[in-house]
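Single-structure report; data block below.
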Amino acid sequence: MSPLLTPARTRGFLRATAAAVALSSVLLTAACGASDDGGRDAKATAAAPAGFPVTIDNCGVRTTYDRPPSRVVTIHQHPAELMLALGLRDRMVGTAFPDSAVLPELKKDYEAIPELAEREPSFEKILDAEPDFVYGGYGSAFAEKEGRSRKAFADAGIDTYLNREYCGKGQVTMKDTYDEIRTIGKIFGVPDRADKLVTDLRSRVAKAAAEVEGEHEVPVFVYDSGDKSAFTAGGKGLGTELIRLAGGRNVFADLDDVFGDVSWEQVVERRPEVIAIYDYAGAGSVQEKKKYLLSQPALADVPAIRNKRFVVLPLTATLVGIRSAYAVDDLARGLHPESFR
């Protein structure tokens with residue numbers, strides 16, 4: 001099957017299975033048997049660090065942390081990069097499912113962490129890393145039908161956190177990015193680092209937005225993948241906000257989802273002037289995507305196709321994480337190159 005036929009990842013919540021719960025119960029029983037004679041381990045008896053306990057509500061799951069997590073598995077790349085940007089390399093015992101090339105300044109640390117799987121690892125594989133915290137980027141990190149539900153982890157004594165873009169609470173904005181960073185900073189007891197990172201990213205976004213202020217609002221179509229239909233960024237995802245800040249307008253901002261399918265007829269009707277191609281492993285190369293788009297007779301009169309105007313963005317840079325601020329600058333330069341000469 002062509003990599004352009006369907007998107008390469010499932011970005012949503014999936015149904016639970018009874019087997020996962022049963023397995024979790026066994027694991028929980030085993031874990032309970034590992035405590036010392038007094039029924040309390042050293043971690044439980046140690047004094048809580050300053051600023052703890054901390055209670056966090058995340059996508060309907062409330063968790064109280066008596067101390068910062070010390071053994072973390074991240075599923076998907078953007079949670080891993082956020083952790084590394086906060087200087088938390090020493091807490092990370094596993095990563096999984098890289099989407100794009102890692103930011104150069106984080107590459108060395110990222111490569112030093114064991115990669116558990118090219119895609120989402122199995123529940124058992126994650127348990128082998130002995131984490132006390134699992135941080136997922138897409139809803140599929142905690143796919144219930146694959147035995148990785150948040151309840152299954154909780155039953156095994158492992159806390160979880162899901163990137164807020166997948167909480168389903170409406171359109172995601174840059175505020176969600178900043179809130180995500182601050183929340184992770186709070187969980188890990190490094191709020192000052194989080195505040196500094198947020199300040200730096202805000203400055204980067206403000207600078208790019210100022211360069212294109214007052215410019216023509218460019219209609220943009222996001223092409224993620226697909227050939228029978230187009231898989232694109234909808235109005236609930238961060239992509240729409242990034243395009244707006246860069247002086248553009250997502251032509252499918254009315255799509256009531258983070259991502260979704262639209263027809264090619266709709267793309268033609270909305271006449272985008274620029275196509276933003278999302279680049280990530282498993283969905284065809286950028287060259288293949290451009291070749292496909294340029295070869296379709298039905299798209300020949302679309303302004304972006306006629307003028308061959310494309311902007312390429314790593315998928316990781318369009319999600320709630322540290323890369324989104326970089327994406328605003330890249331988009332702004334692609335939509336309004338004259339403003340940066």
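Everything numeric in this text was worked out from a predicted model, so none of it was measured. When reading the values below, keep in mind they use all heavy atoms of this one structure, side chains included, and skip hydrogens, waters and symmetry mates.
- A pairwise comparison of heavy atoms in Ala129 and Leu116 identifies CB-CD1, 4.4 Å as the closest pair.
- Distance alone, capped at 3.5 Å, places no donor-acceptor pair between the Trp264 side chain and the Gln296 backbone.
- Nearest approach of Ala208 to Val328, heavy atoms of both residues: CB-CG1, 4.0 Å.
- Residues Tyr135 and Thr160 form no side-chain contact, since every pair of their non-hydrogen atoms from C-beta on lies 4.5 Å or further apart.
- In this structure a side-chain-to-backbone donor-acceptor pair under 3.5 Å is missing from Glu130 to Arg71.
- Ser70 and Asp132 share a donor-acceptor pair across their side chains, judged by distance under 3.5 Å alone.
- The two residues Leu88 and Met92 come nearest to each other via the heavy atoms O-CG, 3.5 Å.
- A salt bridge links Lys175 with Asp179: the distance from a Lys NZ or Arg NE/NH1/NH2 to an Asp or Glu carboxylate oxygen falls below 4.0 Å.
- Side-chain contact check for Leu238 versus Leu319: every heavy-atom pair is 4.5 Å or farther apart.
- Note on Val54 and Val61: separate hydrophobic clusters, where clusters join Ile, Leu, Val, Met, Phe, Trp and Tyr whose side-chain heavy atoms are under 4.5 Å apart, directly or indirectly.
- Between Arg244 and Glu241 there is a salt bridge, since at least one side-chain N of the basic residue sits less than 4.0 Å from a carboxylate O of the acidic one.
- Between Tyr292 and Tyr223, the two ring planes are parallel [angle under 30°; tilted spans 30° to 60°].
- The distance from the CZ atom of Phe259 to the CG atom of Leu315 is 5.5 Å, given to the nearest 0.5 Å.
- Considering only heavy atoms from C-beta on, Ile243 comes within 4.5 Å of Val222 through its side chain.
- Glu81 and Ile322 make their closest contact through O-CD1, 3.7 Å (heavy atoms, listed as atom of the first residue, atom of the second, distance).
- Outside the 6.0 Å centre-distance limit, the rings of Phe97 and His78 are not counted as a close aromatic pair.
- At least one donor-acceptor pair under 3.5 Å links the side chain of His336 to the backbone N or O of Gly247.
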For a side chain to side chain contact (heavy atoms under 4.5 Å, CB included) check, start with the C-alpha distance between Phe142 and Ser149, then their side-chain angles and the critical distance, and finish with the verdict.
CA-CA 5 Å; Phe142 302 116; Ser149 70; 5.8 Å; no

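- Leu201 is listed as a side-chain neighbour of Ile181, based on a closest heavy-atom distance under 4.5 Å.
- Using a 4.5 Å cut-off on side-chain heavy atoms (C-beta onward), Val73 and Phe133 make no contact.
- Follow the hydrophobic side-chain contacts under 4.5 Å out from Val205 and you never reach Val212; the two are in separate clusters.
- Within 6.0 Å of atom CD in Glu213, 12 or fewer heavy atoms from other residues, nucleotides or ligands are found, so the atom counts as exposed in its surroundings.
- Between atom CD of residue Gln287 and atom CG of residue Asp279 there is a gap of 8.0 Å, rounded to the nearest 0.5 Å.
- Within the 4.5 Å cutoff, side-chain heavy atoms of Leu127 are placed close to those of Ile158.
- With Arg271 contributing its side chain and Val302 its backbone, the two residues share no donor-acceptor pair below 3.5 Å.
- In terms of heavy-atom proximity, Glu215 sits nearest to Ser339 at OE2-OG, 3.0 Å.
- Although no hydrogens or angles enter the test, the distance criterion places no donor-acceptor pair under 3.5 Å between the side chain of Ser324 and the main chain of Val320.
- Two rings, from Tyr65 and Phe52, have their centers 6.0 Å or more apart.
- Between Pro121 and Ile126 the shortest heavy-atom distance is CG-CG1, 3.6 Å.
- Applying salt bridge (Lys or Arg N to Asp or Glu O under 4.0 Å) to Lys236 and the options Asp254, Asp256, Asp257 leaves one that passes, Asp256.
- Between Arg148 and Glu144, no side-chain nitrogen of the basic residue sits less than 4.0 Å from a carboxylate oxygen of the acidic one, so the salt-bridge criterion is not met.
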Between Lys290 and Ile275, is the side chain to side chain contact (heavy atoms under 4.5 Å, CB included) condition met? List the steps.
CA-CA 10 Å; Lys290 285 183 180 180; Ile275 295 176; over 6 Å; no

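- In this structure, CG in Leu293 is found 12.5 Å from NZ in Lys308, a value given to the nearest 0.5 Å.
- Between the side chains of Asn58 and Arg150, at least one donor N or O lies within less than 3.5 Å of an accepting N or O.
- Panel note: side chain Arg270, backbone Val251; a donor-acceptor pair is recorded below 3.5 Å.
- For the residue pair Ser140 / Arg119, no side-chain donor-acceptor distance below 3.5 Å is found, with atom types taken as modelled.
- When the side chains of ILVMFWY residues are joined at heavy-atom separations under 4.5 Å, either directly or via intervening members, Val311 and Phe340 end up in two distinct hydrophobic clusters.
- One hydrophobic cluster, built from ILVMFWY side chains closer than 4.5 Å, holds both Met83 and Val134.
- Atom CD1 of residue Ile75 and atom CG of residue Leu162 lie 10.0 Å apart, to the nearest 0.5 angstrom.
- Note that CG of Asp224 is 9.5 Å distant from CG of Asp261, once rounded to the nearest 0.5 Å.
- Judged purely by atom type and a 3.5 angstrom limit, Arg193 uses its side chain to pair as donor or acceptor with the backbone of Gly87.
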Could you go step by step and tell me if Ile56 and Arg62 meet the side chain to side chain contact (heavy atoms under 4.5 Å, CB included) rule?
CA-CA 6 Å; Ile56 301 294; Arg62 170 170 280 205; over 6 Å; no

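- Put simply, the side chain of Tyr110 reaches to within 4.5 Å of the side chain of Thr95, judged on heavy atoms.
- Salt-bridge check for Asp99 with Arg323: failed, with every basic side-chain N at 4.0 Å or more from each acidic carboxylate O.
- The cationic atom of Arg204 (NZ for Lys, CZ for Arg) lies less than 6.0 Å from the six-membered ring centre of Tyr326 and within 45° of the ring axis.
- Between the side chains of Thr55 and Thr64, a donor-acceptor pair is found at a separation under 3.5 Å.
- No donor-acceptor pair under 3.5 Å is formed between the side chain of Glu273 and the backbone N or O of Pro219.
- The aromatic rings of Phe153 and Phe123 sit tilted relative to each other, their planes meeting at an angle between 30° and 60°.
- Put simply, the side chain of Val172 does not reach to within 4.5 Å of the side chain of Val258, judged on heavy atoms.
- Remark: side-chain polar atoms of Glu288 are paired, donor with acceptor, to backbone N or O of Ser285 under 3.5 angstrom.
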Show your working on side chain to side chain contact (heavy atoms under 4.5 Å, CB included) between Val274 and Phe221 and close with a plain yes or no.
CA-CA 6 Å; Val274 172; Phe221 161 58; over 6 Å; no

Dump the intermediate steps for salt bridge (charged side-chain N to carboxylate O under 4.0 Å, His left out) on Arg333 and Asp329, then the final yes or no.
CA-CA 6 Å; Arg333 291 174 184 276; Asp329 184 71; 3.0 Å; yes

Check the pair Tyr161, Glu180 against side-chain hydrogen bond (donor to acceptor under 3.5 Å, both in side chains), reporting the backbone distance first and the verdict last.
CA-CA 11 Å; Tyr161 185 93; Glu180 181 88 354; 3.2 Å; yes

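- Residues Thr316 and Ser100 bring a donor and an acceptor atom of their side chains to less than 3.5 Å of each other.
- In this structure, Leu103 is a member of the same hydrophobic cluster as Leu331, with clusters built from ILVMFWY side-chain heavy atoms closer than 4.5 Å.
- Under a 3.5 Å cut-off, the side chain of Asn250 and the backbone N or O of Phe252 do form a donor-acceptor pair.
- Going from atom OG1 of Thr318 over to atom CG of Asp330 covers 11.5 Å, rounded to the nearest 0.5 Å.
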